[in-house]
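Quick note on labels: first sequence line is chain A, next is B, and so on, each numbered from 1.
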Number of protein chains: 2
Amino acid sequence: MENVPQTALSLRSLVTEDGNLQLLLKESPVPEPGDDEVVVRIEATPINPSDQATLIAPADVSTGKTTGTGADTVYTAKVRPGLESRVKPRIGKPLAMGNEGAGIVVKAGSSKAAQALLGKTVAVMDGALYCQYRKVNVMQCMPLNEGTSARDGASCFVNPLTALGFVETMRSEGFKAIVHTAAASNLGQMLNRICLNDGIDLVNIVRKPEQVELLKSQGAKYVLNSNDENFSRDLTAAIEATGAYVAFDAIGGGDLGSRILTCMEKAALKDTELPGPYGSNTFKQLYVYGSLDLSPTVINRNFGFSWGVNAWLLTPFIQKVGPEKTQQLQKRVADELTTTFASHYSDEISLTDALKAEVVAEYSKQATGQKFLINPTL
Amino acid sequence: MENVPQTALSLRSLVTEDGNLQLLLKESPVPEPGDDEVVVRIEATPINPSDQATLIAPADVSTGKTTGTGADTVYTAKVRPGLESRVKPRIGKPLAMGNEGAGIVVKAGSSKAAQALLGKTVAVMDGALYCQYRKVNVMQCMPLNEGTSARDGASCFVNPLTALGFVETMRSEGFKAIVHTAAASNLGQMLNRICLNDGIDLVNIVRKPEQVELLKSQGAKYVLNSNDENFSRDLTAAIEATGAYVAFDAIGGGDLGSRILTCMEKAALKDTELPGPYGSNTFKQLYVYGSLDLSPTVINRNFGFSWGVNAWLLTPFIQKVGPEKTQQLQKRVADELTTTFASHYSDEISLTDALKAEVVAEYSKQATGQKFLINPTL
């Protein structure tokens, strides 16, 4: 087996008593695995919006400064005004993070399952993967198929399982097509490929003409720009054509979700001569799974009395469908990792790079089309 | 059997081509019942908020005028600006309404079930009970217990089944206590009596000090005024004490529902030292069942990622629980009609009275504590 060092670095996000957020590197011993555990040398771990929330979101990055070099590098920025009470529970606790990644198993416990992974490239789901070496349970590992690189396997869980989760949710709740917002994102492009493969109608909503072109070039049939004059009319027609009465919304704030529900109701009432005071019987569901717009969700309630607005999150979905279904979905991800579930990264950076003010400024505002990859071996 | 006339009157609400809403009386033959049908002489039928929606809500009652007398009485008011497209499907169609009421069965079809009702006082659920005689199926009738008057039985369905529906929904979804807004309403007082009888904790939210007193005088333990300075703190404490993670909201507009969800989350996180970015795992549910405030619902999403906001409506609830459960609930209503399910009316009016401008002006703004009863025999 290769040489594993005695100690290694992990990235931490710390809120200080004096109102700053710091990113720093912590050196600690590389742990020994228990019977059912392995130690993974992390080679690729992406910065997802779900990581950003804890990593950097509370900071005003315009005040960010980096001091020191190498393992002593420290990034410091002021906590954004108004968030003081929200970050209070974090003060003085250097939090580890990084929800998914991939690397090589360099140590393995005594169990058969652990030993079988030794030397293998695995994808890992965990909460602290922005580090050089990480001890995890074998159940958190998904062995990658022969020839798949850690970089290819870095984003095996969050986006792929979320996109598959949308389709599973649609099916299990009796819907037959999907409306998706911020549809040009990495996740949105993945969902488009899944729906094309599975023969599911997907109504893509984007905000820019070039995003319409991008998705159309990838085979999408329904792509609507919410800034277009005829957006509501066209969305109603697309819902009528597809029966897409469930929407997944990454934006959260503002009234786009409400407008989608209104178009759904119009489509549902298309053939109703005289609607009653409570609207159609067609159940309309909006799932909010992101907060690209942090402002309040505005629900106009002009779409009858048969609707739901819910938060959608990956972890409760996985708990709900159970381990067998999850493994089935994971197998599909592994098998289609470089096609359906391929991720693209705008930048590959080292752990130390992730603490540089100009880099933080970039990934803190990372929009849906842009994604940073940390490579802790650099 | 008593003398049944050849023809009788029914109240209609009509939107005209020239942008008016009219209330008028239509004379038509009293129908003959089919085998499984009965004809009921309606003696008491309330004006519920659910009736108002179709009856009068689209009218600007400040422009209301009444002409004619007796059966020729006509009320006319302008349709409120901005509602033109919404009422368009109604133009030229004199709609019947009246969702519940009670009276005497004066004609019965040949079936055993129909014949058994002849001469009985029954409560009826239907959509057109603002009339003197109404033909309905025996399944729509609930025979009242001996000695119960039509007036006592006029409101057997909408409020009682809605209040019981809240409790059933709470139970079937695994909640153990309820938050209720506009809690001093007829419905709210009924829900308070049910919860006291059944030993369920109810957190009542009202908007005036006298409503706090009213509910406390009726034995309510938790009554909070949403205009009080310490409302959020007290609501959080009440939710913590009771575990009330489901709320039923009659108001709909504004941010009260969102504030309730925020307090639920605070209560859920009470013992959590360091909440994650997605908040608590406690599922929080807001049901919107009314629109006392027609403005948009504003959802601040500062309560994690485990929540739902849904419309709640009686008809889908009844369809969901099925006929057996519904009959069981109806039996309880019949047995406790003058106690738990007693309704109070501010005014008893005739069909012709219901067309008088000064009366329309009153019942069109009927607040939650006030309820008009139409007696078509007057």
Which residue pairs pass the salt bridge (Lys or Arg N to Asp or Glu O under 4.0 Å) test with at least one member in residues 313-322 of chain B, sequence neighbours excluded? none
Neighbours of chain A found in residues 293-306 of chain B - heavy atoms under 4.5 Å: B/D293, B/L294, B/S295, B/P296, B/T297, B/V298, B/I299, B/N300, B/R301, B/F305, B/S306
Would you mind checking which part of B/T315 comes under 4.5 Å of any heavy atom in chain A, side chain (CB onward), backbone (N, CA, C, O), both or neither? neither
Any idea which of B/W312, B/Y287, B/Y278, B/W307 has the most non-hydrogen atom pairs under 4.5 angstrom with chain A? B/W307
Under 4.5 Å to a heavy atom of chain A? For B/Y289 that would be backbone
Is atom CG of B/N230 surrounded by more than 12 heavy atoms (other residues, nucleotides or ligands) closer than 6.0 Å? yes
Distance in Å, B/N310 CG paired with A/F283 CZ, rounded so as to fall on 0.5 Å steps: 5.0 Å
Above 12 or not: heavy atoms from other molecules or residues under 6.0 Å from NZ of A/K93? yes
Choice from B/A53, B/G253, B/G252 maximising heavy atom contacts with chain A below 4.5 Å: B/G252
How would you list all residue pairs meeting side chain to side chain donor-acceptor pair (under 3.5 Å) that involve residues 79-90 of chain A, not counting sequence neighbours? A/S13-A/R90
Pair up each side-chain donor or acceptor in residues 265-276 of chain A with any protein partner under 3.5 Å, not counting sequence neighbours, and list the distances.
unit_1 : atom_1 : unit_2 : atom_2 : d
A/E265 : OE1    : A/S280 : OG     : 2.7
A/E265 : OE1    : A/K284 : NZ     : 2.7
A/E265 : OE2    : A/S280 : N      : 2.8

Which one, B/G127, B/P316, B/S50, B/A57, leads in non-hydrogen pairs under 4.5 Å with chain A? B/S50
